A.B. asks: 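Handing you this structure, nothing more for now.
Nothing here was measured: the structure is a model prediction, and the numbers come from that model.
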Amino acid sequence: MAALQERVRALPKDPAGWAALGMAYVQQARATADPATYDRAESALRTSLKLQPSGNHLAETAMGALAAGRHDFEEALDWAMKATATNPHGPTAHGVLADAYTQLGRYEDAYRTVQRMVDLRPDSASYARASYTWELRGDVRRARDLMTRSLGAAGTLDERSFARTHLALLALENGDPRTAIAHADAGLGEAPRDTALLEVRARAHAALGNAEKAVTDYSAAIAIAPLPHYLLGLGELQQSLRRPAQAEAQYAVLRAQEQIRRASGDPADVDAILFEADHGDARKAVTMADDALAGRPFIAVHDAYAWALHRAGRDTDALEHADQALALGTRSALLHYHRGMIHRSLGHIAQARDDLRRALAIDPRFHPLHAPEARSTLGRIDGTA
C-alpha cells in the first residue's frame with residue numbers, strides 16, 4: 001500500500017497507478033469491513049477514470065470489485081461487463097464478472113465465466129474460483145482438489161492465505177476439524193494476523209471442544225477486524241457455554257453495527273439477518289432478508305430468508321426459500337438443518353428426519369447451538385429422546 005501511495009504522489013497523472021491503488025484499498029476494505037476504506041478506493045478509482053475515461057479496464061475491473069464489496073452486485077456486473085468488453089483477455093475482470101453472476105443467482109453464467117478465466121490464465125485466483133463453483137454444486141472432492149491447485153500456484157502471501165483458509169473451511173464444514181486446524185496453523189505460521197485463518201481455527205477448536213482456544217482465536221480476529229460473522233460466532237459460542245454476559249457483549253456490538261448499516265442504507269448481510277432472526281426480532285429479520293434478496297438472490301440469502309420466515313412463523317413461505325437454497329446440491333449442514341426444522345414445523349416428519357440426519361452426517365458439530373438442537377429434535381422424531 002505504501003508503495004502504491006508513493007507511486008501516485010510521484011506520478012499523479014498515471015491512471016494505472018490510481019487504479020492499482022484503488023484495487024488495493026478494495027482488498028483492504030474487504031478484510032476490515034471499514035466503509036472509509038471503500039470510500040478511499042472509490043476516490044482513487046474515480047481519479048483514474050477521470051484521467052482515462054475510456055479503455056481503462058484496470059479501473060473498470062476495480063470498480064466492479066468495489067461494488068461487489070459493497071454488495072451492489074448489479075453495479076458490479078455492469079462494471080465487470082465494461083471491463084471484459086474493454087479487455088476481453090483480462091482474467092481478473094472475468095473473476096469479478098463471475099462473482100457478480102454468482103451473487104445474482106446466475107450460476108450457469110458464473111460457471112462459464114470461471115471456465116473462461118481458467119482458460120485465460122490457469123493461476124491461483126482462477127483455480128480458487130473454479131473450486132467454489134464445484135463447492136456450490138456439492139462436489140467437495142473436486143472443490144478440494146482445485147483449491148489445492150490454487151495453493152500450489154499461489155505466488156503471494158495473500159493467495160496462499162486465501163487457499164489455506166478455504167481448504168480449512170472445506171475440511172471443517174465436512175466434519176474434519178483436525179485437518180482444518182492443520183491448514184489454519186500452516187497459514188498462520190506465515191500470516192499470524194490473518195483474521196480469516198484465525199476465525200476458521202476458532203471454529204475448528206470449538207468443534208473439538210477446545211472452547212478456550214476457540215475464544216482466544218475469535219477474540220484475536222475481532223481485535224483486528226470486528227466482522228459480523230466473527231462477532232456472531234463468538235457470541236453464540238459463549239451462549240453455548242452458558243456465559244450470557246460474554247455473549248451479550250458480542251451481540252451489543254452487532255446491534256451497533258446494524259444501526260450504522262441502517263443509517264447508511266446498505267443492504268443487510270446474511271450474518272445480520274441470521275442474528276436478528278435468532279437473537280432479535282424475527283419480523284425485522286424478514287424485512288431485512290426481503291430487501292437483501294431483491295439485489296442478491298444468492299443461495300445464502302435464500303437460506304437466511306427461509307430461516308427468518310421460519311422464526312416469524314411463516315413456514316410455508318420459508319420452505320420455498322429453503323428449497324431454493326439447496327437447489328444446486330450444495331453440501332451444507334446448516335442449510336439442511338434450517339430446512340429440516342421448517343419441515344418439522346410444517347408436520348413433514350419424514351422430510352424433517354432426512355434433512356436433520358443429513359445435516360449431522362455432513363458435520364455433527366456444525367454449530368454450537370443448532371447442532372445440539374438438531375440432535376434433540378431428531379431424537380424426538382425417532383422417539384429416542
Side-chain angles (χ1 to χ4, degrees), residues 29-38 69-72 103 165 169 194-203 205-207 211-212 214-293 295-296 298 300-312 334-335 337-338 366-373:
R30 284 176 171 171
T32 62
D34 179 10
T37 306
Y38 281 125
R70 288 171 163 169
H71 287 184
D72 188 343
Q103 297 298 325
T165 296
L169 284 168
D194 187 290
T195 60
L197 286 164
L198 286 165
E199 188 258 353
V200 71
R201 191 171 70 176
R203 291 173 56 191
H205 278 311
E212 296 313 315
V215 169
T216 297
D217 277 341
Y218 268 128
S219 299
I222 289 166
I224 298 165
L227 300 180
H229 57 293
Y230 301 170
L231 293 160
L232 184 57
L234 179 55
E236 291 182 330
L237 174 61
Q238 297 282 30
Q239 187 175 339
S240 75
L241 297 170
R242 294 180 173 83
R243 300 172 181 173
Q246 292 91 328
E248 180 56 33
Q250 309 308 315
Y251 298 159
V253 179
L254 281 165
R255 293 188 188 99
Q257 290 181 343
E258 175 59 15
Q259 287 183 334
I260 295 169
R261 181 200 67 78
R262 285 201 306 271
S264 69
D266 293 335
D269 204 350
V270 167
D271 300 294
I273 296 165
L274 293 176
F275 170 68
E276 194 66 42
D278 282 328
H279 306 284
D281 183 338
R283 289 173 298 179
K284 185 187 293 184
V286 169
T287 300
M288 292 163 62
D290 189 50
D291 291 342
L293 193 67
R296 188 188 176 195
F298 178 52
V301 185
H302 278 292
D303 172 65
Y305 198 8
W307 192 241
L309 288 163
H310 163 69
R311 299 284 289 178
L334 185 63
L335 268 58
Y337 166 74
H338 284 164
F366 66 89
H367 190 278
L369 299 174
H370 296 325
E373 180 62 24

A.B. asks: For residues 260-271, which residue pairs qualify under salt bridge (charged side-chain N to carboxylate O under 4.0 Å, His left out), counting only residues two or more places apart or in two chains?
C.D. replies: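 Salt bridge (charged side-chain N to carboxylate O under 4.0 Å, His left out) check on residues 260-271 returns E258-R261, E258-R262, D269-R296.
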A.B. asks: In chain order, what residues pass the side-chain hydrogen bond (donor to acceptor under 3.5 Å, both in side chains) check against D303, with sequence neighbours excluded?
C.D. replies: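 With sequence neighbours excluded, D303 shows a side-chain hydrogen bond (donor to acceptor under 3.5 Å, both in side chains) to H338, given in chain and number order.
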A.B. asks: Closest approach of A214 and H205, non-hydrogen atoms and distance?
C.D. replies: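 Where A214 meets H205 most closely, the heavy atoms are N-CB, 3.8 Å.
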A.B. asks: Do you know the tightest heavy-atom contact between S219 and L234?
C.D. replies: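 Here S219 and L234 meet closest at OG-CD2, 4.0 Å.
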A.B. asks: Output the distance between atom CG (L241) and atom CD (Q246), rounded to the nearest 0.5 Å.
C.D. replies: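 Between L241 CG and Q246 CD, I get 9.0 Å after rounding to 0.5 Å.
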A.B. asks: Who passes side chain to side chain contact (heavy atoms under 4.5 Å, CB included) against V253, sequence neighbours left out?
C.D. replies: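 Here the qualifying residues are L231, Q257.
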A.B. asks: Check side chain to side chain contact (heavy atoms under 4.5 Å, CB included) between T287 and all other residues, then give those that pass, not counting sequence neighbours.
C.D. replies: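 Checked T287 against side chain to side chain contact (heavy atoms under 4.5 Å, CB included); matches are D291.
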A.B. asks: Going through the checks in order, is the side-chain contact (heavy atoms from CB on, under 4.5 Å) test met by T165 and E199?
C.D. replies: CA-CA 9 Å; T165 296; E199 188 258 353; over 6 Å; no
A.B. asks: Please name all residues satisfying ring-ring contact (aromatic ring centres under 6.0 Å, His included) with H302, sequence neighbours left out, ordered by chain then number.
C.D. replies: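 By the ring-ring contact (aromatic ring centres under 6.0 Å, His included) rule, H302 matches H321.
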A.B. asks: Closest heavy-atom contact between A304 and V270?
C.D. replies: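 Of all heavy-atom pairs spanning A304 and V270, the closest is CB-CG1, 4.1 Å.
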A.B. asks: Once rounded to the nearest 0.5 Å, what's the spacing between atom CD of E276 and atom CZ of R283?
C.D. replies: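 Nearest 0.5 Å value for the CD-CZ distance: 11.0 Å.
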A.B. asks: Can you tell me how far NE2 of H367 sits from CG of L237, rounded to the nearest 0.5 angstrom?
C.D. replies: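 Here the interatomic distance stands at 10.0 Å.
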A.B. asks: Filter on salt bridge (charged side-chain N to carboxylate O under 4.0 Å, His left out), then keep only pairs touching residues 216-231, sequence neighbours left out; what's left?
C.D. replies: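 Pairs touching residues 216-231 that pass the test: R201-D217.
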A.B. asks: Would you say that L198 contacts I224 through its side chain, given a criterion of any heavy-atom pair below 4.5 Å between the two side chains?
C.D. replies: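 They are in contact (side-chain heavy atoms under 4.5 Å apart), so the answer is yes.
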A.B. asks: In chain order, what residues pass the side chain to side chain contact (heavy atoms under 4.5 Å, CB included) check against A277, with sequence neighbours excluded?
C.D. replies: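 Testing A277 for side chain to side chain contact (heavy atoms under 4.5 Å, CB included), a comparison that skips the adjacent residues, returns A285, W307, A308, R311.
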A.B. asks: Please list all pairs meeting ring pair (Phe, Tyr, Trp, His ring centres under 6.0 Å) that have one or both residues in residues 234-265, counting only residues at least two apart or in different chains.
C.D. replies: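 Residue pairs passing ring pair (Phe, Tyr, Trp, His ring centres under 6.0 Å), neighbours aside: Y251-F275, Y251-H279.
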A.B. asks: Please report the shortest heavy-atom distance between A292 and A268, naming the atom on each side.
C.D. replies: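 Looking at all heavy atoms of both residues, the closest pair is CB-O, 3.6 Å.
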A.B. asks: When you measure from the side chain of Y38 to the backbone of R70, do you find a donor-acceptor pair of N or O atoms at a distance under 3.5 Å?
C.D. replies: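 Between the backbone of R70 and the side chain of Y38 there is no qualifying donor-acceptor contact (under 3.5 Å).
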A.B. asks: Could you state the interatomic distance from CG (L227) to CG (L232), rounded to the nearest 0.5 Å?
C.D. replies: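 L227 CG to L232 CG: 12.0 Å, rounded to 0.5 Å.
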A.B. asks: Holding to side chain to side chain contact (heavy atoms under 4.5 Å, CB included), I want the full list of residues that pass it with A263, two or more places apart in sequence or in another chain.
C.D. replies: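 Checked A263 against side chain to side chain contact (heavy atoms under 4.5 Å, CB included); zero matches.
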A.B. asks: Please name all residues satisfying salt bridge (charged side-chain N to carboxylate O under 4.0 Å, His left out) with D290, sequence neighbours left out, ordered by chain then number.
C.D. replies: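 Residues passing salt bridge (charged side-chain N to carboxylate O under 4.0 Å, His left out) with D290: none at all.
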A.B. asks: Could you note down all residue pairs passing salt bridge (charged side-chain N to carboxylate O under 4.0 Å, His left out) where residues 228-257 supplies at least one of them, sequence neighbours left out?
C.D. replies: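 Those involving residues 228-257 are E212-R243, E248-R255.
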A.B. asks: Rounded at 0.5 Å granularity, tell me how far CG in L254 sits from CG in L274.
C.D. replies: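 Going from the CG atom of L254 to the CG atom of L274 covers 11.5 Å.
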A.B. asks: Output every pair passing ring pair (Phe, Tyr, Trp, His ring centres under 6.0 Å) with a member in residues 222-242, not counting sequence neighbours, ordered by first then second residue.
C.D. replies: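 For residues 222-242, and leaving out neighbouring residues, there are no ring pair (Phe, Tyr, Trp, His ring centres under 6.0 Å) pairs at all.
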